[in-house]
Amino acid sequence: MEFSSKLLEKAVNEMSQLPGIGKRTALRLVLHLLKQPKEQTSFLSQSLLNMREDIKFCESCHNISDVEICEICSNKNRDHQLICVVEDIRDVMAIENTGQFKGIYHVLGGKISPIDGVGPSQLKITSLVEKIKSGKVRELIFALSSTMEGDTTNFYIYKQIQDCEIITSTIARGISVGDELEYADEVTLGRSILHRVPFENSFKSN
């Protein structure tokens, strides 16, 4: 792709680093920005800078937040004895959109995947185990994607807490095996939360 401007080329190259954005799409986006008032581009760039510099991670659940303790964890109307384990913020948003879950979350920040070099120590598992061993949690819901990595992560956590007096459940398999949670429709995901099953049943039947 030939460019008449080095500035344009650099902008397109940077834009194309985003997931799912190829060079042609990046060029369309950059040209669109050039047609907008300068103020609009300034608002966009400033909002991205502010997000990068000021974003926080909830000290309790590790969800992305503007403050130390996110709005979900600080909400006294939520059931703090019911924790839903998810991979990342996209899964929190997907479940929240169903309106069916009234507990709180624990964001792991990924899944165990040896092939990708991701082990338990690189995830927020230790803090989750500490929460459960504190005796303040009644039920833990595993809501990771129905993939080999998701099932491996679920089982690893289960082994860490199996001696604790706690209910462990997993979302019902209304979510197809191999599907990512964030792509499930809200009705299916909501029903999967409501009709969750004991976690032991999920791996004993495999």
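All values reported here derive from a predicted model rather than from experimental measurement.
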### Salt-bridge contact K6-E9 (side-chain N to carboxylate O under 4.0 Å)
yes

Distance in Å, [X] [atom1] paired with [Y] [atom2], rounded so as to fall on 0.5 Å steps:
X    : Y    : atom1 : atom2 : value
I112 : D151 : CD1   : CG    : 11.5 Å
M93  : R90  : CE    : CZ    : 10.0 Å
L144 : F155 : CG    : CZ    : 14.5 Å
K131 : T126 : NZ    : OG1   : 12.0 Å
H106 : I125 : NE2   : CD1   : 8.0 Å
I161 : L128 : CD1   : CG    : 6.5 Å

Treating [X] as the side-chain partner and [Y] as the backbone partner, does any N or O pair qualify as donor plus acceptor under 3.5 Å?
X    : Y    : answer
K124 : G110 : no
S145 : T147 : no
T170 : F142 : yes
Q122 : G119 : yes

### Query
Between F57 and N63, does a side chain to side chain contact (heavy atoms under 4.5 Å, CB included) hold up when you go through it step by step?
CA-CA 5 Å; F57 290 90; N63 191 13; over 6 Å; no

Using atom types as modelled, flag every donor-acceptor pair under 3.5 Å from a side chain in residues 21-41 to any protein atom, sequence neighbours excluded.
residue : atom : partner : partner atom : Å
K23     : NZ   : N13     : OD1          : 3.3
T25     : OG1  : R28     : NH2          : 3.3
Q36     : NE2  : H32     : O            : 3.4

### Side chain to side chain, L48 and R52, heavy atoms closer than 4.5 Å
no

### Query
Are side-chain heavy atoms of L108 and T153 found at a separation under 4.5 Å?
yes

### Query
For Y105, which of I141, I95, I89 qualifies under side chain to side chain contact (heavy atoms under 4.5 Å, CB included)?
I95

### Message
Looking only at the side chains, is there a donor atom on one of T168 and E139 sitting less than 3.5 Å from an acceptor on the other?
### Response
no

Indicate if [X] and [Y] have the same hydrophobic cluster label, given that clusters are the connected sets of ILVMFWY residues with side-chain heavy-atom separations under 4.5 angstrom.
X    : Y    : result
L44  : L18  : yes
V107 : V129 : yes
M51  : M15  : yes

### Message
Before you tell me yes or no, could you show the steps for L140 and I157 under side chain to side chain contact (heavy atoms under 4.5 Å, CB included), namely the whole-Å CA-CA distance, both residues' side-chain angles and the distance that decides it to 0.1 Å?
### Response
CA-CA 10 Å; L140 188 70; I157 296 172; 4.3 Å; yes

Which side-chain N or O atoms in residues 67-84 pair as donor and acceptor under 3.5 Å with protein atoms at least two apart or in another chain?
residue : atom : partner : partner atom : Å
S74     : OG   : C70     : O            : 2.9
S74     : OG   : E71     : O            : 3.3
N75     : OD1  : N77     : N            : 2.8
R78     : NE   : G103    : O            : 2.8
R78     : NH1  : E96     : OE1          : 3.2
R78     : NH2  : E96     : OE2          : 2.8
R78     : NH2  : F101    : O            : 3.4
R78     : NH2  : G103    : O            : 2.9
D79     : OD1  : Q81     : N            : 3.0
D79     : OD2  : R138    : NH1          : 3.3
D79     : OD2  : R138    : NH2          : 2.8
H80     : NE2  : C73     : O            : 3.4
H80     : NE2  : N75     : O            : 3.0
Q81     : OE1  : R138    : NH1          : 3.3

#### Entry: CZ (F3) with more than 12 external heavy atoms under 6.0 Å
yes

### Flag if over 12 foreign heavy atoms under 6.0 Å of NZ, K56
yes

